[in-house]
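Here's the structure we're looking at; comments come further down.
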Amino acid sequence: MEIFIFGRDDAADEFDRMKGPNFSHFPVLYNKKGNCIPSRAKVRSFFFIDLPPVLPYNFEAMKWVYVEDIAAYKDKDVEVRGWVYNKRSSGKVRFILVRDGTGILQTTIFSADESHPLFGKFDELTQESSLVVRGRVREDKRAPGGFELTVQDIDILQIARDYPITPKEHTTPFLMEHRHLWLRSRKQHAVLQVRAEVIKAIRDFFDGRGFRLMDTPILTPSACEGTTTLFETKYFDQMAYLSQSGQLYNEATAAAFGKVYCFGPTFRAEKSKTRRHLIEFWMVEPEVAFATLDDAIDLGTDLILFIIERVLTDCRADLEELERDPKLLERITKPFPRMTYDEAVPQLQAKGSLMKYGDDLGAPEETLISELSPNPVCITHFPAKIKAFYMQPDATRPDLALGVDFMAPESYGEIIGGGQRIHDLELLEQRIREYNLPREAYEWYLDLRKYGSCPHAGFGMGVERTVSWMCGIKHIRETIPFPRLLYKIYP
RNA sequence: UCCUCGGUAGCUCAAUUGGCAGAGCGGUUGGCUGUUAACCAAUAGGUUGCAGGUUCGAGUCCUGCCCGAGGAGCCA
């Protein structure tokens, strides 16, 4: 071991002048305790040692920064904590791509000395090993993202063995079996970043308009709408069902707070197996007292535009990662085209649909509708028979319900469904009889029509379908961290 | 639940008319002074989803089952 003592601050420059077969181009310096110190830090004296001791992990050594903030630390010495995304080598240069959850940073180790201790660490590292890297942030056009880190020191926290997801191709079933690890990959990361932003936008939209968040129960004593199949569970000595909608409870909270929304998971035990369905999905449901169908359509329109604007401004990099053309979202403007069911059916039949009047719109119809406009299309005034029992009938055509479905562009299907609710007590009682629903379970719901009943409206928006549309993702299962699919509940 | 397609190395896929089980990636070893899913060379790696049948011989043909994918119905 040789000891060099310098009385100046520019010790690293001195090292550069001493370049030779036994020295690295970027000197790695250690203090007397064996801790790494920045090569251009102000030092009064230091050791140079050929093989460094195993370094204690020292969180105080340098400033811990996240990759997304790296540009602010140009020419500074920093610490990055993360995982090995990939590594490459070419002769005397080694590259480690370090992923820290906020981004991926290229780090470089450069030395003429093959026995350089950092090369040994490099060789040891495997994909997804956890590590702490310290070094100097440099601007370099060759680096992805424009910045890279010249490594001065590496602490390996754990070597990952046989990480199943390689940088090459995999099939979706395989990746879904490894969903807990798949989340680390770039595309999945981008989709879930958009999801988080969509959820934030939804909450900001409603909170900013004076809506109150009202959490509705997940365990419910009976079906909300009585249409779809519910998950059953035991509730002590009686049966309970997982919520398929918070809407009925929302009508109660709307009468207490005026404007409300609930936002939570919903559960459908339908044996649906399509790219648009999840068994467990998240839905936001606003409800407004004294509002009509038109008010609900206006609210849904503004909500969609708010989400799009937020995604376009805050998720640019994610859309780019997903190769999503932002123009398809930028061109969305209000008002959205509106069409009644009566108007839609002949048009759809003319375009080749086999549906009959009175049928609900199926997947082929949703695609045909989405071809009508670059905007979402609002279909209203459905036959009451194919809609939920609480739908308010049209004043002049009682066989039609004042409901609305928002059909997203690009065949993303129905992202919003809602409308005006029945506020007349007698009519609601009649509907409950017609739909063979147990009246005793709905006594509280009928109370809302006894004590200060008023017209009111609302809708439900599916978060995952909205995220699919924003991202241009084909299958809804990638828009939630851990999708629950038909018969599949792992991981 | 129904219709269609599929299951071969850790992963992605080949395998002619039924005739020796193959490649790329990943792993390992070596090489390369700026790589962008780096590249080059070498090397290890197999109960062909399971059970049965036909045949001299089955990844390949037949029967049953299991698992997966896409679509339909239902919905957000």
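Numbers restart at 1 for each chain; the letters A, B, ... are given by sequence-line order, proteins then strands. The figures that follow rest on heavy atoms only: side chains count, while hydrogens, waters and symmetry mates do not.
- For A:Gln106, the side-chain atoms get nearest to B:rU35 when compared with the rest of B:rC75, B:rU35, B:rG68.
- A close approach under 4.0 Å does not occur between any side-chain nitrogen or oxygen of A:Arg275 and OP1 or OP2 of B:rG70.
- Residue contacts for A:Pro144: at a heavy-atom cut-off of 4.0 Å it reaches a base atom on one of the strands shown.
- In the displayed structure, A:Lys87 atom NZ is contacted under 6.0 Å by more than 12 heavy atoms of other residues, nucleotides or ligands.
- The interatomic distance linking A:Glu270 (CD) with B:rA76 (P) rounds to 11 Å, in whole Å.
- Comparing the same atom, P, in B:rC20 and in B:rU48 gives a spacing of 15 Å after rounding to whole Å.
- Atom NZ of A:Lys87 is separated from atom C1' of B:rG34 by 17 Å (rounded to the nearest Å).
- Across all strands, A:Glu280 comes closer than 4.0 Å to no nucleic acid atom at all (heavy-atom distances).
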Q) What's the verdict on side-chain hydrogen bond (donor to acceptor under 3.5 Å, both in side chains) for A:Thr301 and A:Asp298, showing C-alpha distance, side-chain angles and the deciding distance? A) CA-CA 5 Å; A:Thr301 303; A:Asp298 289 345; 5.3 Å; no
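- A donor and an acceptor atom never sit less than 3.5 Å apart when one is taken from the side chain of A:Gln127 and the other from the base of B:rG27.
- Under the stacking definition used here (centres under 5.5 Å, planes under 30°), the residue A:Phe110 fails to qualify as stacked on the base of B:rG34.
- On the C1' atoms, B:rU8 is 15 Å away from B:rG24, given to the nearest whole Å.
- Within a 6.0 Å sphere centred on OH of A:Tyr445, other residues, nucleotides and ligands contribute more than 12 heavy atoms.
- To the nearest whole angstrom, the two P atoms, one in B:rC65 and one in B:rU1, are 13 Å apart.
- The line from CD of A:Glu177 to CD1 of A:Ile165 is 11.0 Å long, rounded to the nearest 0.5 Å.
- If you take atom P in B:rC3 and the same atom in B:rU63, they sit 16 Å apart, rounded to whole Å.
- Of the candidate nucleotides B:rA69, B:rG34, B:rA76, B:rG34 has the atom nearest to the side chain of A:Asp140.
- The shortest side-chain heavy-atom distance between A:Ile279 and A:Phe231 falls under the 4.5 Å cut-off.
- Within 4.0 Å (heavy atoms only), A:Arg161 reaches no atom of the nucleic acid at all.
- Distance from the side chain of A:Phe174 is smallest for B:rU12 among the nucleotides B:rA76, B:rU35, B:rU12.
- For B:rG26 and B:rG22, the P atoms lie 22 Å apart once the distance is rounded to whole Å.
- Comparing B:rG30 with B:rA9, their C1' atoms are spaced 24 Å from each other, to the whole Å.
- For A:Tyr487 and B:rU1, the shortest distance from a side-chain N or O to OP1 or OP2 is below 4.0 Å.
- In this entry B:rA76 has no Watson-Crick or G-U wobble partner, no candidate having both defining distances under 3.5 Å.
- In the interface, the side chain of A:Glu177 is not paired with the base of B:rC67 through any donor and acceptor atom under 3.5 Å apart.
- B:rG68 atom P lies 13 Å from atom CE of A:Met176, rounded to whole Å.
- Under the Watson-Crick or G-U wobble criterion, with both distances below 3.5 Å, B:rA69 is paired with B:rU4.
- The side chain of A:Arg477 places an N or O atom within less than 4.0 Å of a non-bridging phosphate oxygen (OP1 or OP2) of B:rG70.
- One atom, CD1 of A:Ile386, and another, P of B:rG73, lie 13 Å apart when rounded to the nearest Å.
- Pair check for B:rG64 finds B:rC50; Watson-Crick or G-U wobble, both atom distances under 3.5 Å.
- At most 12 heavy atoms of other shown residues, nucleotides or ligands fall within 6.0 angstrom of atom CZ in A:Arg212.
- With hydrogens and angles ignored, a donor-acceptor pair under 3.5 angstrom links the side chain of A:His277 to the base of B:rC75.
- Distance, A:Arg88 CZ to B:rC32 P: 19 Å, rounded to whole Å.
- Nucleotide B:rC67 holds its P atom 16 Å from the CD1 atom of A:Ile489, rounded to whole Å.
- The interatomic distance linking A:Lys273 (NZ) with B:rC3 (P) rounds to 13 Å, in whole Å.
- Going from atom CD of A:Glu414 over to atom C1' of B:rG73 covers 15 Å, rounded to whole Å.
- If you check B:rG34, B:rG70, B:rG68 against the side chain of A:Lys488, the one that comes closest is B:rG68.
- When heavy atoms are screened at a 4.0 angstrom cut-off, A:Met283 is found touching the sugar-phosphate backbone but no base atom.
- Counting non-hydrogen atoms under 4.0 angstrom, A:Leu278 reaches a base of the nucleic acid.
- Counted by atom type alone, A:Arg136 and A:Thr150 present zero donor-acceptor pairs between their side chains at under 3.5 Å.
- When distances run from any side-chain atom of A:Thr108 to the nucleotides B:rG34, B:rU1, B:rA69, the shortest one goes to B:rG34.
- Nearer to the 5' terminus of RNA chain B, by closest-nucleotide assignment, is the contact made by A:Leu486 (compared with the other of A:Leu486 and A:Glu366).
- A:His178 comes within 4.0 angstrom of nothing in the nucleic acid, heavy atoms only.
- In this model, the phosphate group of B:rU12 is approached by a side-chain N or O of A:Thr171 to a distance below 4.0 Å at OP1 or OP2.
- The gap from the C1' atom of B:rG18 to that of B:rC13 amounts to 22 Å, rounded to the nearest Å.
- Rounded to the nearest Å, the gap between the P atom of B:rG59 and that of B:rU16 is 12 Å.
- In this structure, A:Phe267 has its ring center at least 6.0 angstrom away from the ring center of A:Tyr241.
- Position along RNA chain B of the nearest nucleotide to A:Arg186 versus A:Glu365 favours A:Arg186 as the more 5'-ward residue.
- Across all strands shown, B:rU12 forms a Watson-Crick or G-U wobble pair with B:rA23, both key distances being under 3.5 Å.
- Annotation: ring-ring contact (aromatic ring centres under 6.0 Å, His included) contacts of A:Tyr261 (sequence neighbours excluded): A:Phe206.
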